[in-house]
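The next block holds one structure in the form of structure tokens; read it before the comments.
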Amino acid sequence: MLDKKHRLNIADEQLDGCTLCGNLCGTDRRAGGISICGAGPTAEVSHVEIHHGEEPPLSGTNGCGNIFFHNCSLSCVYCQNWQISIEDAVAKQSYTASQLADEMLRLQEAGVHTLGLVAPTSHIPTLVPALYRARGMGLYIPVVYNSGGFDTVSGLRLLDGLIDIYLPDMKYGTDEVAQVYSGVVDYVATNRLAVEEMLRQVGPLTLDREGIARRGLLIRHLILPGGMADTIDVISWIARYMPREVPLSLMSQYAPKYQAAEGFFPEIERKLTQGEYDYYLAVADELGLTNIYSQDLESALVYAPDFTREHPFETR
Ligand code: SF4
């Protein structure tokens with residue numbers, strides 16, 4: 001494992017030529033280069049909220065304190081957070097490492113069970129010093145790295161020992177659909193290597209006696225209508241290469257949003273049916289994946305945030 005001094009240096013050097021995500025664009029972010037994700041030299045935060053809609057071991061009764069970052073490295077045409085992760089529908093704020101550490105401690109003081117870093121990949125250069133600082137100032141709750149799973153192994157190694165829980169998406173089973181729906185190449189290999197590295201660092205998810213997550217890997221997969229995410233390939237890979245103890249959150253909450261609601265992708269311009277969801281649950285079970293978090297289909301309503309409202313996740 002890297003020592004603190006080297007880790008801080010290497011994280012900071014990413015600003016001179018960034019390779020933190022699978023886009024590997026190499027942008028000199030410090031010099032004002034235009035990166036694919038739009039990230040510059042400082043972390044940009046779009047929203048901070050205590051969220052009760054994560055998987056039960058993450059939210060518990062007190063919620064997960066989520067910090068939503070701007071500059072996602074994926075451009076998903078159906079992104080439910082598109083107002084803040086891709087477009088500038090609400091004002092974003094630049095954070096220094098010390099401001100980010102203060103925000104983490106504020107959320108902990110509010111009583112949340114876990115601290116969630118949402119779409120954090122491009123902001124690792126600020127997150128590494130922020131996490132060291134926050135830990136030094138008393139941050140003790142588990143830190144959750146909630147990413148689209150398009151992280152490079154070299155980027156993730158900068159977080160080894162600083163992150164308690166990895167919550168990556170495994171969005172697609174083939175590169176073709178990743179290119180069409182998220183605008184990236186080489187998603188599948190990048191994603192699988194990232195998940196293997198996450199497992200190496202933290203192992204499968206473990207819970208405390210109250211059922212709250214303490215440490216480990218929890219994989220998410222959002223099922224697209226018509227099997228368009230190549231879900232069978234994703235589930236089959238997990239069944240073959242991940243230990244049985246690693247839970248899979250099989251999400252049914254898809255609803256057409258952003259560009260997917262504008263007629264450009266008619267094949268995914270509908271919600272999932274109960275029959276489709278039951279089919280994929282049965283496939284997972286048949287492949288031996290019994291550690292599954294499932295959802296009600298109505299969750300499409302609950303998890304459709306509107307970030308122009310004061311409380312984006314409250315249903316009207
Ligand atoms: S995180 Fe952003 S700047 Fe870094 S490689 Fe990916 S797209 Fe480029």
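Both backbone and side-chain heavy atoms feed into the values below; hydrogens, waters and symmetry mates do not. In each ligand, atom 1 is the first atom listed, and ligand 1 is the first ligand listed.
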Salt bridge check: are D169 and K171 linked by an N-O gap of less than 4.0 Å?
yes

Minimum-distance protein heavy atom relative to atom 3 (S) of ligand 1
S35 CB, 3.4 Å

Just one of R200, K4, R7 clears the salt bridge (charged side-chain N to carboxylate O under 4.0 Å, His left out) bar with D160, so which one?
R200

Which residue and heavy atom of the protein sit nearest atom 8 (Fe) of ligand 1, plus the separation:
C25 SG, 2.3 Å

Ligand 1 to I36, heavy atom cutoff 4.0 Å, flagged ligand atoms 7 (S)

Any luck finding a side-chain donor-acceptor pair between Q99 and Q93 under 3.5 Å?
no

Numbering the atoms of ligand 1 from 1, which are under 4.0 Å from a heavy atom of N23?
7 (S)

For atom 6 (Fe) of ligand 1, find the nearest protein heavy atom and state the residue, atom name and distance (0.1 Å precision).
C21 SG, 2.3 Å

Which distance, rounded to the nearest 0.5 Å, do you find between the SG of C37 and the CD of E44?
9.5 Å

Tell me whether C37 has at least one N, O or S atom under 2.8 Å from atom 4 (Fe) of ligand 1.
no

Among I235, V283, L250, whose side chain to side chain contact (heavy atoms under 4.5 Å, CB included) with L289 holds?
I235

Name the closest protein heavy atom to atom 1 (S) of ligand 1, giving the residue it belongs to and the distance to 0.1 Å.
S122 CB, 3.5 Å

Side chains of D175 and Q179: any donor to acceptor distance under 3.5 Å?
no

Test item: side-chain donor near acceptor, R192 and Y241, under 3.5 Å
no

I need the atoms of ligand 1 closer than 4.0 Å to a non-hydrogen atom of C18, numbered in the order shown.
1 (S), 3 (S), 4 (Fe), 5 (S)

Residue-level breakdown please: for T27 versus ligand 1, do any non-hydrogen atoms fall below 4.0 Å on the side chain, on the backbone, on both, or on neither?
neither

